[in-house]
Amino acid sequence: MSLARDPRSVVVSDDGTRAFVAHVVEARVSVVDLAEGSSTEPHAVRQVDLRARASMDDESEPSLRRGCQGFALVKVEGGGERGAKMVDRIFAPMVSVNPGDGSGESEGYGSESPSEVGEVAVLDASAERALTRLVRLPSSGTARTECLLPRAAAYDDGSLYVTCLGNDALVKLDARSLDPARAEVKRWHLAAGPVGLAIDHEGQRAVVWSQFDREVAFVSTESDAPPARLAVARQSDGITANVALGRRLFHQMGDSRISADGRACASCHPDGREDALTWSTPDGVRQTPMLAGRIAETAPYGWLGSSAKVEEHLKKTFERLGGDGLPETELSALVDYVTSMAPPVERAVPPTAERKELVARGHVLFESTATACSTCHDASHSFSDGLRHQVTTQRNSDPADGFDTPSLRFVAGTAPYFHDGRYKTLDDVLTAPDHAMGQSTRLSRQDRAALVAYLETL
Amino acid sequence: MHTRGIIPSMLGAALVGWSALCSAEEAPAPKPPTFLPVDFESLPIGSLPPPPPDAAKPASVPKGSQVAGLTVAPAPEARAKTRSMASAIRAHKNKKRSPRKVMMLQVEAPELAALYVPSENVSEFDGDGAQRLSCDDRESVSSLRWEKLTLTPDGQAELAIQDVWFDSHSCAVAPGTASIVKLKAVAWEGTEPWLFAMRGETSLTLVMPKADDLTAGAMVGSTQTVRAGFTRVTLPLGRWGSGSIVANVRSLAFASPTDGGSGPLELTVELVQTMSEISPTLLVQTRSSPVASQDVD
């Protein structure tokens, strides 16, 4: 069945009738009815909105924060003494984000500092609603140690365990809290890249897999004994030492060379993709671009195409984030890593004859002079022409000579669209009359559907 | 730089360094956060009475009527101001038309009391131990609520709620309905309790020392906050949902706002219940407060 973008974790309700699915972006959990549906009939899918506010005084829609890093999901299981009274709670570690109000330029990324706050949203599985409605912003000036790249979670007897990529830590949280991220009980520092976690209830230990250092740690959850560590052969990772260093830097939290507020590259580019957010930035309002699979052959870089090389663009990005910058060797490693990032797997679309015909029709339209898509999105150059075009902007802060043509590789999975994220769907882009990009507004509904079908294959 | 200038500079730098070192040494180490689960079902059951209905309002209060523990006296004179001729004439006319006295209603032991005008439509009350009210010719009876906290010898607490009628014409007060609810201590500083709680069918009530920067909210219904000599917060409670309170408590001792206990602390109270849970979980968290580094007024 089709789900919203970037599904990552799944838990099944105790009675086996529903599956809850975490999504990396957009602060939501999908609920899939397993009891209904079949191989031919679609299962019913509902959404649980996890967005919370930083203040109870403002109940307006714009005051709802956005979300990212929804990789993990875990539910209360097994009772136990401390968690005996908890039933049907699901925990969604994530990051609550305020990317700015979209009104224009800001001093940093977002319009408040910090713009990202670690959160564990608590859901009522029966009600299919979020119970966590308020996130608390850390006091200014306090050291940021919270989990801003949560990757795996497990529950045991009233405690929630979360691995924190970038901090290279396992944290134990009080699961009874309304936002367990604010109820940290204990923290263990582990090898780099903790992304896997299992709880051995009988043995009172957590087992953590650190992907970057290729190490398994056995952490005693009820004693102060240091974790036992088991190294796994490093050679099987299939990446060079330089790429491995770049991967570590990409996920490094709290590195003042990269950002002043401690965020990592992976904060806005989870898995090398994008956070589905449009940020207020020093240059104006900008949608986060996708990186994985989109670096090669897409120069120049940045929305303004102002950097001929990736290195140059990274330096400018660090500068905008208030970072001091990386030395050349580490910068080179980071470039190697972002260039080598695996592109997303192809969208699983049933290859029916009807679908193939639709895609083929869309391809023809894409290349036709009637739509003029391929005039700028050149398929032989990763669907970009490397030039800036004035596509009609809406803000005074936008440059008069327009924006660099972005690649369309994997475009179906990178909503919202345009440099300012003004369009939610590809169909919105094709029908909107307020831009000067191509001539798709004249297309019939059937032709638009064909063009979207083709774009979904890129 | 001349030699004689270097030595004082070095001395100054050393003193600055020493001073910084001393400051670092003197700064108290922040307390580790505490997580205190409270057994919701162990809390005493009680509810706060709604504001008295209009139907219960007396037509008047006889002159000379009193409420034990509550004094009615002329308010201290406002500081004399230079007035314009126009305002002086206006004041003179008003004086001729309606003699008006500003009175101060003052409760005993104001540090453990709240005196405020109750209302169904208001969720936050700032009620010091005193209220300024006017006495004049108009026939007008209004209600006041006096909440009085008593720490009992058994380590628990009682909250007495006394409704009072005030007649502006007779400039007197009369007692209305009164009730007492019991509160259970749920957090302590050493052996001294500083947080009390009570549950109702549709609410959870917490009482703590004077709190700043208080934020309270719930998924269903509205909260009620009374800030006076102590702070009371009542969270609405549905069949399921959540509610929370975040506050900075400057001192963990009641009736001693500046020098008691070992505050300030940031207090978080969280109430969570899913549809499948029989009763909510209640978690009290404390941690060193950010206001610790700020001046206390």
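Order of the sequence lines fixes the chain letters, A, B, ..., with proteins taken first and strands second; residue numbering starts at 1 for each chain.
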Query raised in the report: Can a salt bridge be assigned to the pair B:Glu270 and A:Arg182 using a cut-off of 4.0 Å between side-chain N and carboxylate O?
Result: no
Query - Region of A:Ala175 in contact with chain B, defined by heavy-atom distances below 4.5 Å - result: neither
Query raised in the report: Is there a donor in the side chain of A:Arg136 and an acceptor in the side chain of B:Ser244, or the other way round, less than 3.5 Å apart?
Result: no
Query - Beyond-backbone contact of A:Asp88 with B:Met275, side-chain heavy atoms, under 4.5 angstrom - result: no
**Report entry** Largest heavy-atom contact set with chain A, pairs under 4.5 Å, which of B:Leu271, B:Ile278, B:Val272
**Finding:** B:Val272
Report summary line: In short, B:Ser242 meets A:Leu131 closest at the heavy-atom pair OG-O, 2.6 Å
Query raised in the report: Can you name the side-chain hydrogen bond (donor to acceptor under 3.5 Å, both in side chains) partners of A:Asp224, sequence neighbours left out?
Result: A:Lys186
Residues 216-226 of chain B, side-chain donor-acceptor partners within the protein, below 3.5 Å, at least two apart:
unit_1, atom_1, unit_2, atom_2, d
B:Gln224, OE1, B:Arg232, NH1, 3.0
B:Gln224, OE1, B:Arg232, NH2, 2.9

Report summary line: What one should report as the nearest heavy-atom pair of A:Arg176 and B:Leu283 is C-CD2, 4.1 Å
Report summary line: All heavy atoms of A:Asp124 vs all of B:Thr274, minimum pair found to be OD2-CA, 3.1 Å
Query - Test side chain to side chain contact (heavy atoms under 4.5 Å, CB included) applied to A:Lys85 and B:Phe40, step by step - result: CA-CA 11 Å; A:Lys85 293 185 176 174; B:Phe40 185 81; over 6 Å; no
Query - Point-to-point distance, once rounded to the nearest 0.5 Å, from CZ of A:Arg89 to CD of B:Gln273 - result: 8.5 Å
Report summary line: A:Arg129 and B:Trp240 have their tightest heavy-atom pair at CD-CH2, 3.4 Å
